[in-house]
Amino acid sequence: MSGYARKILRVNLTSRNTSTIDTKDYEEWGGGHGIGSALFWDLVPDKAITGFDPRNIVTIMTSPLSGTLVPGASSRTEVQGIGAHSSPIEWFTRSNFGGRFGAMLKYAGWDGIVLEGRATNPVWIDIRNGDVEIRDARRLWGLDAWRTQETIWREMSEGGYKSWVNVKDTDDEKRTTQRPAILTIGPAGENLSRMGCLIHDAGNASGQGGFGGIWGSKNLKAISVVGTGGVRIADPKGLIEARLWAKQKYGLDIENPDPSWWSRFGYRRPQNRFWDQQENARLNACIGCNTGCKERAASGLGNESICDESAFYAGYDKAKHGGKQTSAAYMATDLLQKYGINAYEASQGLVYIRALVRMGVLGRGKAIDCNLDFRKIGEFEFAEELLTLIAYRRGIGNDFAEGFYRAAKRWGRLETDLKSGVLPYPYWGLPEHGYDPRAEVEWGYGSILGDRDINEHDFNSLFWYPSGAIWAGRTPQPSAEMVVKIYAEKLVPYENNPLMLDFSDENIYSEHMAKLVVWHRHYTRFWKQSALFCDQRWPDFLNTKAPSYQGLTGEGEPRFYNAVTGKGLTFRDGMERGRKIWNLDNAIWSLQGRHRDMVHFADYIYDVPFGGIGKYAWYFLPGREKGAWKYIQVNGRRLDRAKFEEFKTRFYQLEGWDTRTGWPTKKTLEGLGLSAVAQELEKQKRIGI
Amino acid sequence: MGALKEPSRRLARQVFREVSFEDRFEGYSVRQCSGPTLVTMYRFEEVVSFFNHQHPRLDFGDLEAWVRNIMDDTELADHIRGALSEAESNQSRCEVVRGLLEERLGQCRKASRRKEREA
């Protein structure tokens with residue numbers, strides 16, 4: 001079992017007992033999400049419970065690649081369980097985060113953790129290699145996510161960072177210089193906010209799903225892990241050779257760096273930050289990663305934050321301060337993390353409530369009474385006041401903490417604001433990502449056919465190739481025809497079908513597009529969420545350094561996976577495993593109450609043109625026009641309700657699911673070796689025909 | 001078209017007010033992770049700041065109309081129209097329009113400070 005630590009930690013918070021699960025029993029699922037779904041299936045008899053029910057479990061899983069030298073794959077950790085965020089049903093869902101927690105867990109000898117039950121008092125879990133202790137966390141309860149980590153670090157090093165960390169509490173001789181990796185909640189989670197996150201170090205958050213609130217409901221404050229072991233590699237030489245091969249053939253060319261991020265594997269550091277780069281900052285990477293997409297700044301503010309948490313306040317800060325980025329943006333982002341609040345929900349929520357202010361319905365003495373002084377927006381004080389209301393459920397913050405979809409419902413505005421799009425929550429009561437369902441449809445389709453905003457950037461380059469060039473008045477390179485050819489060759493098992501990448505109005509409801517969505521669901525379920533290849537780097541379809549622009553996807557994933565595990569898995573095998581995991585997830589959703597009739601977007605996706613009709617001339621994607629490939633404008637598009645229903649039928653047919661209900665069929669499940677799952681669905685009268 | 005004239009006190013006041021939801025201006029900010037994110041702006045300063053985003057996306061005709069009709073700044077709107085006709089790409093339009101907006105904002109700030117001193 002190379003790559004695996006061979007055991008999974010099972011923690012019953014109710015009885016305060018720990019035990020182990022043999023990873024071998026779940027090895028067929030690969031790791032990460034696959035094992036997490038299988039564990040959930042086995043350990044939660046009633047799938048129709050809610051997220052805060054103590055019978056709900058949370059799995060925290062690594063992959064065989066965690067803690068190894070596989071580039072862009074050694075640091076992710078997958079979190080699963082019934083979430084608290086989505087609506088109308090709190091779906092079995094997922095989230096994941098980077099940093100060093102997953103690797104440290106492997107070094108401590110664990111492939112993952114299963115959290116069950118609910119503690120009577122606040123607790124934290126102290127893992128030092130094989131020693132696990134459930135400890136009293138009453139003195140940690142109430143601390144923010146950063147102070148919690150500091151407190152645990154201090155305790156474990158006997159009074160500060162000057163000392164080494166005790167590997168074993170009872171043996172003073174056993175020490176390590178490593179700092180424990182800690183996953184924790186802040187006040188938002190403690191107060192059962194559905195926007196509550198799990199926070200690790202700084203800049204790493206398991207954001208979606210509301211797992212912070214779930215932990216709060218379990219009275220679990222933190223998990224600390226320190227490990228001094230390693231990961232057994234099946235073919236160490238092969239792994240080094242694979243890494244050198246990837247670097248030389250696909251990595252960044254120092255002499256001639258690609259200025260864009262076309263090549264997901266070889267490009268420069270990702271353009272993730274939304275705020276202005278701080279002076280005197282350096283790169284920082286997750287453990288084992290070759291990228292360094294984060295940064296640490298001498299200011300001590302905003303450290304390691306990238307992506308959407310850096311977007312939360314950057315624009316407001318600049319607008320308030322004459323176009324200058326001040327400490328307000330960095331401090332607001334730091335506070336999001338200290339409180340453990342989902343940045344995406346907070347960002348979209350702020351846009352929403354500000355719209356309500358300007359409509360005259362929210363404010364002091366208004367229909368929705370709110371004392372926030374929006375004249376101060378852009379100042380740190382405003383962000384602090386808003387986030388404090390949410391984290392501690394003070395005043396109207398009690399509504400906000402439920403997520404802004406549920407808040408809108410409380411205020412009687414849900415239907416109106418979803419119709420107009422003022423509340424931009426297109427799927428499952430969750431905030432919209434910029435890759436809008438009306439434009440880049442595979443993102444929206446994947447989200448509504450799943451459980452959450454997929455947040456998988458696999459095909460976004462198709463938008464970036466042309467859109468920046470056309471905006472700048474240049475001819476896009478490479479051509480649409482070339483791009484779809486390269487991508488299509490890699491879409492195993494549907495390879496060499498370029499029509500899967502035709503984003504024209506005529507094609508977005510077709511079987512070809514359904515195949516793209518199926519491919520995407522299966523690829524991400526195994527390669528990205530179970531093997532845990534990072535979304536920032538994988539897949540690599542088109543690589544400007546490589547001959548003929550052919551990126552390493554298809555060859556790279558199994559080469560690395562096999563070097564670590566020695567399994568001899570093909571890319572196609574991985575896709576099939578992804579299909580199996582996706583089917584198990586759909587079986588769980590079916591038992592939770594899913595039916596195809598509830599699988600639809602919010603009204604504005606059908607009724608309001610994206611970006612206004614022709615207003616913003618920049619959203620281009622590959623498509624065919626009169627039979628010829630070009631980059632086509634998709635602005636102004638709305639989805640058609642009836643055609644989307646036809647699309648769903650095509651999608652269900654491809655998956656082998658019941659087209660009336662969307663439930664998995666006995667034949668499909670049995671064909672995947674999931675007979676027990678089929679039997680349970682049959683028993684619950686949720687099996688497809 | 002030459003430089004922008006000093007704004008009147010009325011115009012300077014206008015620039016710093018916050019408009020209603022119906023009179024908002026919208027554009028998109030484009031970044032790798034988030035994709036094109038809708039940016040809703042209620043103040044002139046926010047529009048100016050929007051142009052400092054790394055990849056702002058907007059309809060320039062809409063902007064001209066917003067400046068003319070909502071900000072009630074005919075002179076600036078005329079300047080924007082003139083600049084747009086000369087620029088070759090949206091990116092270069094962004095640059096010239098940003099310059100005009102920043103100039104106007106600076107003028108209005110000065111006028112506002114002057115008024116404060118006089119008061």
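Note on naming: letters A, B, ... go to the chains in the order of the sequence lines (proteins, then strands), and numbering restarts at 1 for each one.
Taken from OG in Ser34(B) to NE2 in His457(A), the straight-line distance is 7.5 Å, to the nearest 0.5 Å. To the nearest 0.5 Å, atoms OH (Tyr42(B)) and CZ (Arg354(A)) are separated by 6.5 Å. The distance from atom CZ of Arg358(A) to atom CZ of Phe21(B), rounded to the nearest 0.5 Å, is 11.0 Å. Once rounded to the nearest 0.5 Å, the distance linking SG of Cys307(A) with CZ of Arg31(B) reads 10.0 Å. Put simply, CG on Asn90(B) and CD1 on Ile470(A) are 10.5 Å apart, with the number rounded to the nearest 0.5 Å. A distance of 13.0 Å separates OH in Tyr352(A) from OG1 in Thr40(B), rounded to the nearest 0.5 Å.
Heavy-atom contacts from other residues, nucleotides or ligands closer than 6.0 Å to CD of Glu22(B) number more than 12.
Across Trp471(A) and Pro56(B), no two heavy atoms sit closer than the pair CZ2-O, 3.4 Å. When all heavy atoms of Ser467(A) and Arg57(B) are compared, the pair lying nearest together is O-NH2, 4.3 Å.
Of the atoms belonging to Val422(A), it is side-chain heavy atoms, and not backbone ones, that fall under 4.5 Å from chain B. Residue Arg24(B): no heavy atom, backbone or side chain, is found under 4.5 Å from chain A. In this structure, no portion of Ser347(A) lies under 4.5 Å from any heavy atom of chain B. Looking at Glu18(B), the atoms closer than 4.5 Å to chain A (heavy atoms on both sides) sit in the backbone and in the side chain alike. Using a 4.5 Å cut-off between heavy atoms, Val30(B) touches chain A through backbone and side chain atoms alike. In this structure, the portions of Glu46(B) lying under 4.5 Å from any heavy atom of chain A include both its backbone and its side chain. Looking at Ala472(A), the atoms closer than 4.5 Å to chain B (heavy atoms on both sides) sit in the backbone and in the side chain alike.
Most heavy-atom pairs under 4.5 Å with chain A: of the set Ser89(B), Pro36(B), Gly35(B), this distinction falls to Pro36(B). Annotation: maximal heavy-atom pairing with chain B below 4.5 Å, among Glu440(A), Met359(A), Arg375(A), occurs at Met359(A).
Note on ring orientation: taking the six-membered ring where Trp is involved, the planes of Trp464(A) and His55(B) are perpendicular (angle over 60°, cut-offs 30° and 60°).
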